[in-house]
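Take a look at the structure below.
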Amino acid sequence: MEAIPYLAALSALAGLGLAGYYYTWVKKASPGNERMVFLMTEIQKGARAFLKKEYQWVSVFVVAMAILLAIVIAPLAAVTYVLGAFLSAGAGFVGMTVATMANARTTEAAKDGPGKALPIAFRGGAVMGFSVASLSLLGLMVTYLVFVSWFEVKDAFEIVTAFGLGASSIALFSRVGGGIYTKAADVGADLVGKVEAGIPEDDPRNPATIADNVGDNVGDVAGMGADLFESYTGSIIAPISLVAFAASLTAQQSGDAGTIELLVFPMAIALVGMVASIIGSFFVKGGDSTDSHALSKALHMGTNVAMGITAIATVGISYWLFSGDLFDKPWGLALSVVGGLIVGWALGKTAEYYTSDHFGPVKKIAKQSETGPATTVLSGISTGMVSVAASVVLIFIGIGVAYWGGKQTLGPELGGIYGIAVAAIGMLATTGIVVSVDAYGPISDNAGGIAEMAELDPSVRKVTDALDSLGNTTAAVAKGFAVGSAALTALALFKSFEFAVDHAGGTPLNLDLGQVDVFIGLLIGAGLPFLFAALTIDAVGRAANQMIEEVRRQFREIPGLREGVPGVVPDSARCVAISTEASLKEMIIPGALAVVAPLVMGFISVDALGGMLAGSLVTGFALAIFMANAGGAWDNAKKYIEAGNHGGKGSDPHKAAVVGDTVGDPFKDTSGPAMNILIKVMTIVSLVFASAFV
């Protein structure tokens with residue numbers, strides 16, 4: 001048992017080794033002609049410049065939080081907080097760098113069909129996927145070993161939990177900042193280019209095209225990577241902190257009977273999930289068909305293999321750790337984990353149903369576009385809302401199964417909530433390959449943009465469009481995993497917060513709704529996700545407005561640009577600068593809200609804070625599902641029409657669908673994905689600072 005943290009750390013190193021192998025494999029591929037290399041370089045320069053500036057801005061916040069932690073909690077908590085932030089930022093930078101290197105290589109490979117292009121896009125994304133999972137797991141295991149096992153530091157688990165807060169801080173700002181950047185560029189490029197100027201997507205005449213492709217990387221690669229880094233970290237920390245605070249675990253008590261098994265079980269699941277993801281990644285192979293079903297089967301083969309291996313290994317681990325006299329039925333916790341894994345998969349499939357153009361909901365939205373933008377928007381909103389109901393049912397089943405399974409092994413007191421906590425790590429055990437598949441999407445999207453801007457043969461764009469269409473679905477699936485795990489992780493962290501308050505000597509939490517302060521906190525918490533969504537959507541609107549005006553100005557003032565006169569090129573650098581400056585300014589208030597709100601409420605009333613966390617968890621989860629699925633449905637309804645249905649490109653239904661897609665852009669790529677980070681940041685801030693509130 002004592003070897004599990006070491007083995008988990010070794011598996012993380014193996015994951016980093018695989019990321020390095022895929023990096024060299026992708027780098028060896030040809031990036032294409034001179035024009036393609038130029039475009040790739042411009043996208044890479046813009047993405048790096050944005051991340052550099054973003055991290056400079058965020059570092060101010062990280063330093064301020066580290067000082068606060070050092071003063072209020074413990075100096076060592078500040079150290080692990082900075083470590084979590086640094087590793088999250090590092091994973092994002094490495095993954096984004098490789099993604100911007102893989103885009104032109106995917107385009108070049110698409111000349112020979114999807115069989116060559118899909119593996120490059122996937123393996124480019126796999127560098128991000130395994131960097132995220134490996135750095136998170138390695139950082140956590142080193143933190144655990146140093147502060148819990150080796151030096152037995154006082155309040156060691158507060159220090160370990162601070163690592164998760166560091167990861168959450170980077171995730172929040174990366175998601176919000178990257179999301180504002182990418183959607184400001186996307187909205188500007190679409191509304192002026194497609195609707196007003198009537199030119200194709202990614203047309204080289206459009207000044208916002210480069211900024212749009214940069215945004216795919218800073219939002220959908222670096223932002224999503226930081227999001228799942230934080231989710232994965234939180235899912236491992238949640239059951240560990242739950243056990244530690246429930247048992248009032250200290251250095252002297254670390255050998256208590258049964259405690260060690262419960263502490264290392266999440267690490268063991270992460271270990272087998274990492275190994276399974278590594279194995280699964282080698283099962284992703286492209287074919288010759290551009291049919292979306294064939295591509296989807298090829299891409300998801302690795303995920304399915306990884307999930308199967310993880311499920312089987314989990315049963316074995318459960319029987320190994322929990323077959324002693326201290327525990328009841330060892331299969332109970334295995335059921336919790338595997339149940340979480342299945343529910344995460346089901347949430348992804350639900351997202352796929354509501355966002356893929358192969359199913360009724362998206363086709364209905366496309367049909368509604370025949371009567372204008374208003375009915376397009378209304379249909380998308382109703383689709384998103386219906387998907388919430390389906391997802392809530394799945395989460396309800398997942399929580400019920402996990403709670404019951406935990407009780408079978410550990411009994412009624414701690415077993416149920418511990419079962420829910422490990423169900424979250426079940427959802428994210430295969431994070432390495434889940435992020436790989438997700439990062440594949442923006443690489444394919446960029447590949448299509450480069451094909452268009454480099455004016456390659458239409459057959460190349462046909463292949464990249466097939467890859468890109470699948471990428472929209474993979475993004476929705478990844479968001480399903482992320483938001484599902486967020487609900488379970490936040491619930492476990494909430495219970496840990498309750499134990500931490502007791503452990504710190506405070507009055508036990510009273511969440512009686514008859515208490516005025518609890519009810520007020522509940523209302524405030526229910527309203528916070530809506531305020532957060534409003535701030536981020538409004539930020540996209542303001543940034544997009546600047547982009548729209550700049551694109552219009554260039555079309556108006558640069559002779560021959562709209563007409564495509566040879567030698568006339570847009571000022572793409574100005575559009576990149578607009579998105580960068582606007583997104584960095586606009587991310588500050590929404591990002592700070594998630595940290596400041598629980599701190600202020602906690603120092604006023606711990607009971608009110610408990611109510612606020614409960615309210616934000618419920619509405620935040622529902623809003624995240626609604627926005628992600630509505631936005632994805634609008635996007636694929638537009639692509640369905642562009643494929644030749646309901647009038648095809650340039651028709652009135654197409655223009656209506658572009659409006660719907662524009663409304664959905666900040667839903668699915670800015671506000672929606674940031675919701676799951678919001679609810680976890682608020683909970684983990686409360687947990688870390690619990691001792692200061694009492």
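FYI, the numbering just counts along the sequence from 1.
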- prompt: Is the shortest side-chain N to carboxylate O distance from K668 to D635 below 4.0 Å?
  reply: yes
message: Going by side chain to side chain contact (heavy atoms under 4.5 Å, CB included), W634 matches just one of V658, I381, D665. Which one?
response: I381
task: Only one of P673, P590, S671 passes side chain to side chain contact (heavy atoms under 4.5 Å, CB included) with R175; say which it is.
output: P673
- request: Looking only at non-hydrogen atoms, find the nearest pair between G164 and I684 and report the distance.
  value: C-CD1, 3.7 Å
field: Side-chain donor-acceptor contact under 3.5 Å, S168 with K680
entry: no
query: Is K495 paired with E498 through a side-chain N to carboxylate O contact shorter than 4.0 Å?
result: yes
field: Heavy atoms from other residues, nucleotides or ligands near CD1 of I397 exceed 12 (cutoff 6.0 Å)
entry: yes
query: Mind checking whether K639 and N636 have side chains closer than 4.5 Å, heavy atoms only?
result: yes
query: What's the shortest heavy-atom distance between L228 and V132, and which atoms?
result: C-CG1, 4.1 Å
- prompt: Which heavy atom in G380 sits nearest to a heavy atom in I365, and how many Å separate them?
  reply: CA-CD1, 3.7 Å
- request: Pick out which of L599, L493, L609 makes a side chain to side chain contact (heavy atoms under 4.5 Å, CB included) with S686.
  value: L609
- request: Identify the two heavy atoms, one from L584 and one from E54, that lie closest to each other, and give their separation to 0.1 Å.
  value: CD2-CA, 3.5 Å
message: T314 and side chain to side chain contact (heavy atoms under 4.5 Å, CB included): which single residue from L341, I269, L333, L335 fits?
response: I269
query: Taking the side chain as C-beta and beyond, is there a heavy-atom pair between S579 and V214 under 4.5 Å?
result: no
query: Do S136 and T233 have a side chain donor and acceptor closer than 3.5 Å?
result: yes
message: Quick one, E230 and I170 - any side-chain contact, counting heavy atoms below 4.5 Å?
response: no
task: On the 0 to 90° scale, with breaks at 30° and 60°, tag the F667-F626 ring pair as parallel, tilted or perpendicular.
output: perpendicular
message: Assess, by modelled atom type and distance only, whether the side chains of N213 and N446 contain a donor and an acceptor separated by less than 3.5 Å.
response: yes
